Amino acid sequence: MKNSKDKILTLSFIGFLCTFFVINLCVKDQDVSVSERRKLQQFPNVTLSTITDGSAKDEFEDYTVDQFAFRDFFRRIKANINYKVFGMLDNNGVFIKDDYIFKTDYPTKTKSVLDFTKKIQSYASSFSENNHVYYAIIPDKNYYLNTDLFLNLDYDYMYDTVTSSFDKAGYDYIELRDVLKLEDYYKTDTHWKQENLAGVVDRIGSVMNLGASSDYQAVEGGDFYGVYYGQAALNLKPDKITYLTNEIINDATVSYLEDTKQNQVYIPENLTSLDSYNVYLDGPSSLITITNPHNTSGKELIVYRDSFGSSLTPLLIESYSKITVLDTRYITSSIYQNYLEFTNQDVLFLYSTMTLNNSDILKN
Amino acid sequence: MLFSSITFLFYFLPILLIVYFIVPSKFKNLVLLVFSLIFYAYGEPIYVLILLLSCLVNFVAGLLIEKFPSKGKLILVLTIVYNVGQLVYFKYTDFFIANLNNIFNLSVPLLRIVMPIGISFFTFQTLSYVIDVYRKDVEASHNFLNFATYVSLFPQLVAGPIVRYKTVEEELKKREITWSGVAKGLFRFAIGLGKKVLIANLAGELVTNLTGLANGSVVASILTAVAFTLQIYFDFSGYSDMAIGLGMVFGFHFKKNFNYPFTATSITDFWRRWHMSLSSFFRDYVYIPLGGSRVSWIKWLRNILIVWFLTGFWHGAAWNFIVWGLFFAVLLILEKKVYGKYLDKCGVFRYIYTIFFVVISFVIFQANSLGDAFYNLKSIFGFNGLPFINQETIYYLRSYGVLLIVAILGSTPLLKNLVNKIKEKQGTGLKVMNIVQPALCLVLLVVVTAYLIDSSFNPFLYFRF
């Protein structure tokens, strides 16, 4: 009996190692991890110099981990053990509460918040006297965590710092915290849901004196596996993504700095891409111009934004002939000023607290 | 190469196991040597030459000592100078330069020498060999292949335990490989792997999180010290288990390196249980040759201080390691001459006393400098004006509470005693263990693989020594 136990132990152990050795050799390498939304390490370039400088070894180590067969299955095992066996509150900084996936962004980086205010005021230094400047800070969904169990940002400090700085500069503040709630955000993603932004649009409209907006038709875009879905590595339900449209949005044309062709506000093909959220304004882009042929007032808006702005901006187009959308994570002020003349446009700074706490991603 | 890596577990090890078990006995040492050199060269492509040179020098020295006994002392001294010189050059040169610069206000540039992995371990192995040959405790090896296999044997090459030549002398020539031996070895390897990946790495994560806190607290400082103590124990004892387990798989029987050190009843007892291969090395090759305790009081004091200075310095070329060693020297002296005899009568307080000073010692050990160590100690005792506890500390305490409990229980013989009790119940108990052991081994392997695939924290602390 003991001998058979020894044989079973030995053969199962070595069998496990050898099985995965063979599977890993046979299975074709993947370029990207869909669930983690990242490129996977490929087999390294092995030369004498990469061997001696250690880079071939380091890349090979990454390669074996990245290309391991059933990688997502193993990641799920780890996440479950961390949560359910060790009772950890987070796994790689990701935690679940009431079916919502959150990511810890902690601690509050006071320098980053101060730098944010300086960068915004630096952008504003090139505005004309006739530009009317507004700003709104979008609370990330951790703001609506109704518990002290998890580590969270010092939102009061962030809002107070930014508002006191911008009030002095004469910008008009748009408060959004009271018109949003946790349900207005995706469960598996960092972003808010466009179909839940009526309160936000109304609030912006009332502060910026925009007219009432028309009705929208909601178009369902199917399952949405948000950015946290893969990071959580758990068997959770995906979100549903929806985009709002109407005749005005449908007829609006969008042009990009990097691309001369005219596009539409929504790109439904992106619903099947790695990030379905890119359905809105084709995802991250440095400078976008949205032209509304239905509005002939000549009124213009310039939006400085992070990714939250992609889904909100289309809902503002009705009130303007043209909206210029700037994402200063990808473009410097010295470059965009070549394409933009500040005259009498409305200017809206629309950034999330995540950007405030990581403002080094904004270019000067 | 790390044992706790996908590369080792799913590429290196299966190939080696297959080749090793297929080839005839006479080629097994050659297979081990070649794979050991590949193992070493994978991380240190150039320094594999240093390892081979060390093998050659000590092999020849052993032969010369045996052949020319009248010149034995001279050959021994020269070989010790070579071995220690090699260690000093790679490990301590910059430490000496930096200190000379400080003392004499010089600006001699540091050489930034990259230390070959495991040099502290294989140098001590070769030292023990030539000294044992000189003392005629072992016969000199006449087979370079066997000797090089002994020195470079990958299970213990880079992080110990320090295996004496006489421990494996016979097994290098002839060893039996049985199902029972291989199974025991693989099980011990799996346990070590679990200790390293599931406990040490997670405790290390906790240490990293706590040391990076924006707002510290007294409890966070204490928690850091406790978590680091557990990390280093599970890291190093886990590695030793893996090394001993792999040795068994290949037919070698290394001595154990840890014996539940956190259940020690004194610091003297602690050092009989912690890194046993290192403490016995210093006992047999430094302390006893200096006269041990059979000398005058003042010479004994000198001997203790030398041994613990060297023990600390061996761990790293920095003052905090030296202070760490001397800290133990002071405690050992006090135990021997002042309060040791009272400790035995102190019941549970003996355990508290021992673990308290062990944890404090690892605060010194962990620090980047003596200044940091002093600051961290002040934080632990509430002298840095930190709050007693804060929200961040509570978060990490809650998040890692289960892990800490598992780690604390796992550092005691509770589980081992339970398993032994089950085994004692012949029949049902044995049947249960016969099912549980292979299943546990496989489950551990799967879980460890999961953690390795999704992990960003996997250093071996003892690799730097």
Side-chain angles (χ1 to χ4, degrees), chain A residues 1-25 48 51-52 54 57 60-61 63-66 68 70-82 85-92 95 104 106-109 148-152 233, chain B residues 1-2 5-7 9-11 13-15 17-18 21 41-43 45-46 178-187 189-190 198 202 213-215 249 391-392 394-396 398-403 406 430-431 433-435 437-439 441-442 445-447 449-456:
Chain A
M1 181 67 184
K2 186 174 182 301
N3 197 27
S4 55
K5 178 209 78 177
D6 293 335
K7 284 182 182 171
I8 291 169
L9 192 152
T10 303
L11 293 176
S12 61
F13 191 107
I14 297 175
F16 181 80
L17 300 187
C18 290
T19 303
F20 274 93
F21 171 63
V22 173
I23 292 174
N24 285 329
L25 284 185
L48 191 59
I51 290 173
T52 50
K57 185 204 84 173
F60 184 70
E61 291 287 327
Y63 165 79
T64 58
V65 171
D66 275 7
F68 200 88
F70 312 115
R71 179 180 159 79
D72 286 344
F73 167 74
F74 282 108
R75 290 182 59 241
R76 200 170 302 147
I77 289 177
K78 187 229 173 182
N80 275 298
I81 292 174
N82 264 5
V85 177
F86 286 122
M88 291 190 166
L89 294 175
D90 70 79
N91 175 42
N92 298 333
F95 58 93
T104 308
Y106 188 84
T108 308
K109 299 169 195 156
D148 288 335
L149 187 62
F150 303 97
L151 296 175
N152 221 342
Chain B
M1 199 182 294
L2 295 173
S5 69
I6 297 296
T7 318
L9 290 172
F10 293 96
Y11 291 84
L13 192 56
I15 297 172
L17 289 173
I18 290 166
F21 291 130
Y42 180 77
I46 303 297
T178 61
W179 282 104
S180 167
V182 174
K184 268 187 191 167
L186 289 175
F187 186 69
F189 177 81
L198 303 181
L202 292 179
L213 281 184
N215 306 300
V249 170
Q391 199 207 345
E392 290 158 284
I394 292 169
Y395 178 80
Y396 287 114
R398 290 186 67 153
S399 203
Y400 288 85
V402 174
L403 172 83
V406 168
L430 269 181
K431 275 182 192 167
M433 288 314 298
N434 284 342
I435 296 166
Q437 216 175 359
C441 196
L442 204 56
L445 205 50
V446 171
V447 172
T449 304
Y451 272 75
L452 290 179
I453 285 172
D454 193 35
S455 87
S456 52

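So you know, we letter chains A, B, ... as the sequences are listed, proteins then strands, and number each from 1. What you see is a predicted model; the values in this text were computed from it and never measured.
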query = Hey, mind stepping through Leu149(A) and Arg398(B) against side-chain contact (heavy atoms from CB on, under 4.5 Å) and telling me if it holds?
reply = CA-CA 9 Å; Leu149(A) 187 62; Arg398(B) 290 186 67 153; 3.1 Å; yes

message = Is there a side-chain contact between Ile453(B) and Ile77(A) in this structure, where contact means two heavy atoms from C-beta onward sitting under 4.5 Å apart?
response = no

remark   = Counting heavy-atom pairs under 4.5 Å with chain B, the top scorer among Phe150(A), Phe70(A), Phe20(A) is Phe150(A)

message = Just verifying a value: how many Å separate Phe21(B) CZ and Thr10(A) OG1, rounded to the nearest 0.5 Å?
response = 7.5 Å

task = Locate the shortest heavy-atom distance separating Glu61(A) from Ser5(B); write the atom from each residue and the value.
result = OE1-CB, 3.8 Å

remark   = Ranking Cys18(A), Ala233(A), Ala79(A) by heavy-atom pairs under 4.5 Å to chain B gives rank one to Cys18(A)

task = Check for a donor-acceptor pair, side chain of Gln437(B) on one end and backbone N or O of Leu9(A) on the other, with a separation under 3.5 Å.
result = no

message = To the nearest 0.5 Å, what is the distance between NZ on Lys184(B) and CG on Asp6(A)?
response = 8.0 Å

inquiry  = Quick check for you: to the nearest 0.5 Å, what is the distance between Leu17(A) atom CG and Leu13(B) atom CG?
reply    = 5.5 Å

message = Heavy-atom cut-off 4.5 Å, strictly under: side chain, backbone, both or neither for Leu442(B) against chain A?
response = side chain

key: Region of Ile18(B) that comes under 4.5 Å of a non-hydrogen atom in chain A   = side chain

Interatomic distance, Lys57(A) atom NZ to Met1(B) atom CE [nearest 0.5 angstrom] = 9.0 Å

Structural part of Phe73(A) lying under 4.5 Å from a heavy atom of chain B = neither

ask   = Given that the side chain runs from C-beta out, which part of Ile15(B) has a heavy atom under 4.5 Å from chain A: side chain, backbone, both or neither?
value = side chain

ask   = Of the backbone (N, CA, C, O) and the side chain (C-beta and beyond), which part of Val85(A) lies under 4.5 Å from a heavy atom of chain B, both, or neither?
value = backbone

Heavy-atom contact with chain A under 4.5 Å, split by part of Val446(B) = both

ask   = chain A heavy atoms under 4.5 Å from Phe187(B): which part of the residue, side chain, backbone, both or neither?
value = both

message = So for Phe16(A), is it side chain, backbone, both, or neither that comes closer than 4.5 Å to the heavy atoms of chain B?
response = both

ask   = After noting the C-alpha distance and the side-chain angles of Phe13(A) and Phe189(B), does the key distance pass the side-chain contact (heavy atoms from CB on, under 4.5 Å) rule?
value = CA-CA 11 Å; Phe13(A) 191 107; Phe189(B) 177 81; 3.7 Å; yes

ask   = Which distance, rounded to the nearest 0.5 Å, do you find between the CZ of Arg75(A) and the CG of Asp454(B)?
value = 5.0 Å

message = Using a 4.5 angstrom heavy-atom cutoff, name the option from Pro438(B), Ser399(B), Pro14(B) with the most pairs to chain A.
response = Ser399(B)

request  = Output the distance between atom CG (Leu198(B)) and atom CD1 (Ile81(A)), rounded to the nearest 0.5 Å.
outcome  = 7.0 Å

ask   = Side chain, backbone, both or neither: which part of Asn82(A) has a non-hydrogen atom closer than 4.5 Å to chain B?
value = both

key: Partner set under side-chain hydrogen bond (donor to acceptor under 3.5 Å, both in side chains) for Arg76(A), not counting sequence neighbours   = none

inquiry  = Aromatic contact between Phe10(B) and Phe68(A), with the criterion being ring centroids under 6.0 Å apart: yes or no?
reply    = yes

message = Taking every non-hydrogen pair under 4.5 Å, which of Leu445(B), Val182(B), Leu213(B), Ile6(B) racks up the most with chain A?
response = Leu445(B)

